[in-house]
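Only one structure is covered here, and it is reproduced in the block below.
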Amino acid sequence: MSEATAQLLRQRFSAERLGTYQAAVGGDLDQAVALYEWNAIMSGAFWVTLGHVEVLIRNAMHQQLTAWSTRTYREPRWYLDPGRVLDERRHQQIVKAREQATRDSMQETPGRVVAELTFGFWPFLLTRTYDRSLWPHLRDAWPGQRLRRDVHGPLADLHELRNRIGHHEPIYNRPLKELHTKALDLACWTCPATGAWIGSRCQVLTVLQTRPWTVRASHAPPQRRGQHRPARR
């Protein structure tokens with residue numbers, strides 16, 4: 001990459017944004033742009049897997065909540081909260097989702113409402129707030145996982161990662177291999193066959209093998225001729 005191109009990208013993407021990447025590679029702008037580009041590629045790879053996991057998880061939770069609400073209140077639309085279980089913030093999110101589901105005169109269906117609920121809605125249903133009210137009815141979505149926190153923790157971590165990707169923030173400095181494991185574990189806990197399908201198409205580990213060097217990495221890249229290796233910090 002030419003110096004002019006690197007300087008142009010620094011100007012257009014902002015010095016503040018690329019400054020994070022420059023610091024990670026010891027100040028070299030060319031390497032910072034390479035890390036920035038890799039971060040975008042990794043974000044794209046993870047986005048695909050996160051999308052599959054999100055749809056799988058929310059549909060599994062929706063199925064369990066529908067069965068519970070139908071059995072207990074004779075109302076399959078659990079999001080109407082016939083038992084007054086959900087907090088006010090969840091009610092607001094549901095109202096917004098129902099509005100989005102019926103835009104352009106579309107007929108409301110549970111599937112459309114669920115699709116409009118954000119990823120962040122679902123981990124919150126697995127917090128301590130709903131330990132006694134919802135968890136006994138949700139845990140069957142993950143056979144073999146009896147502790148609520150064992151499901152909530154990984155799902156909350158993936159939600160945080162999704163938000164970082166959605167806002168084009170750095171993820172190169174996140175424990176990506178560990179997060180990859182959490183994503184596939186959640187998928188396999190929900191449905192082993194679907195989890196295997198997601199894993200077989202996930203490119204995260206392949207992209208991770210091409211991760212550029214940073215000052216905190218254990219191995220530095222080969223030095224290019226005429227270039228000094230930046231000191232570790």
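Val53 and Ala183 get closest at one heavy-atom pair: CG2-O, 3.7 Å. Taking both residues in full, the closest heavy atoms of Pro123 and His152 are given as O-CD2, 3.0 Å, listed atom of the first, atom of the second, then distance. Minimum heavy-atom separation, Ile165 to Phe46: CD1-CB, 3.9 Å. For the pair Ala97 and Leu117, the tightest heavy-atom approach, listed with the atom from each and the gap, is CB-CD2, 3.6 Å. Of all non-hydrogen atoms in Thr5 and Ser2, the two that sit nearest each other are OG1-OG, 2.8 Å. Nearest heavy atoms, Arg77 versus Pro82: O-CD, 4.3 Å.
Between Trp78 and Phe121, the ring-plane angle classifies as tilted under the 30° and 60° cut-offs.
In this structure, the separation between CD on Glu54 and CG on Asn59 is 10.0 Å, given to the nearest 0.5 Å. Distance check, rounded to the nearest 0.5 Å: NE2 of His180 to CG of Leu50 gives 10.5 Å. Note that CG of Leu176 and OG1 of Thr181 are 11.0 Å apart. Values are rounded to the nearest 0.5 Å. Note that CE of Met106 and CG of Asp104 are 8.0 Å apart. Values are rounded to the nearest 0.5 Å. Interatomic distance, OH of Tyr79 versus OG1 of Thr66, reported as 8.5 Å (0.5 Å rounding). Thr190 contributes atom OG1, which lies 11.0 Å from atom CD of Gln63 (distance to the nearest 0.5 angstrom).
The hydrophobic clustering, which links ILVMFWY residues whose side-chain heavy atoms are closer than 4.5 Å, places Val95 and Val85 apart. Transitive grouping of hydrophobic side chains (ILVMFWY, heavy atoms separated by less than 4.5 Å) keeps Leu158 and Val48 in distinct clusters. Both Leu161 and Trp47 are members of a single hydrophobic cluster when ILVMFWY side chains are connected at heavy-atom separations under 4.5 Å. In the hydrophobic clustering of this structure, Tyr73 groups with Leu65; members are Ile, Leu, Val, Met, Phe, Trp, Tyr whose side-chain heavy atoms approach within less than 4.5 Å, directly or through other members. Residues Val55 and Leu138 do not share a hydrophobic cluster, clusters being chains of Ile/Leu/Val/Met/Phe/Trp/Tyr side chains in contact below 4.5 Å.
With contacts defined as side-chain heavy-atom distances shorter than 4.5 Å, the pair Ser69/Pro76 does not qualify. The side-chain heavy atoms of Leu208 and Trp38, taken from C-beta on, include a pair separated by under 4.5 Å. In this structure the side chain of Leu86 reaches within 4.5 angstrom of the side chain of Ile94, judged on heavy atoms. His62 has its side chain within reach of Pro110: a pair of non-hydrogen atoms, C-beta onward, lies under 4.5 Å apart. Counting heavy atoms from C-beta on, the side chains of Asp87 and Phe124 come closer than 4.5 Å. You'll find the side chain of Asp157 stays beyond 4.5 Å of the side chain of Glu178, heavy atoms only. Counting only heavy atoms from C-beta outward, the side chains of Trp135 and Val151 approach each other to under 4.5 Å.
Of the possible donor and acceptor atoms, none in the side chain of Arg162 sits under 3.5 Å from a partner among the backbone N and O of Phe119. In terms of modelled atom types and a separation under 3.5 Å, the side chain of Arg74 and the main chain of Arg71 share no donor-acceptor contact. The main-chain N or O of Tyr172 is found under 3.5 Å from a side-chain atom of Arg211 such that the two form a donor-acceptor pair. Remark: side-chain polar atoms of Thr70 are not paired, donor with acceptor, to backbone N or O of Ala67 under 3.5 angstrom.
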Criterion side-chain contact (heavy atoms from CB on, under 4.5 Å) on Arg58 and Met61, from CA distance to verdict: CA-CA 5 Å; Arg58 78 185 186 200; Met61 295 178 70; 5.7 Å; no
Steps toward side-chain contact (heavy atoms from CB on, under 4.5 Å) verdict (Trp189, Ile57): CA-CA 10 Å; Trp189 293 344; Ile57 294 294; over 6 Å; no
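The neighbour count for Arg12 CZ, taken as heavy atoms of other residues, nucleotides or ligands under 6.0 Å away, does not exceed 12. By the 6.0 Å contact criterion, NE2 on His168 is open, its count of non-hydrogen atoms from other residues, nucleotides or ligands being 12 or less. For CZ of Arg146, the number of neighbouring non-hydrogen atoms (other residues, nucleotides, ligands) closer than 6.0 Å is greater than 12. The number of heavy atoms from other shown groups lying within 6.0 Å of CD (Gln100) is above 12. Under a cut-off of 6.0 angstrom, the local environment of CD in Glu88 is crowded, with over 12 non-hydrogen atoms contributed by other residues, nucleotides or ligands.
A donor atom on one side chain and an acceptor atom on the other are found under 3.5 Å apart for Arg90 and Gln93.
Aromatic ring centroids of His52 and Trp197 lie under 6.0 Å apart.
Of the listed residues (Arg148, Arg139, Arg149), just one forms a salt bridge (charged side-chain N to carboxylate O under 4.0 Å, His left out) with Asp131, and that residue is Arg148. The side-chain contact (heavy atoms from CB on, under 4.5 Å) test with Tyr21 is passed by exactly one of Asn39, Val33, Thr214: Asn39.
Under the 4.0 Å criterion applied to side-chain N and carboxylate O atoms, Glu116 and Arg98 are not assigned as salt-bridge partners. With salt bridges taken as basic N to acidic carboxylate O contacts below 4.0 Å, none links Glu108 and Arg112.
Cation-pi contact between Arg17 and Tyr36: absent, since separation from the ring centre below 6.0 Å together with deviation from the ring axis within 45° is not met.
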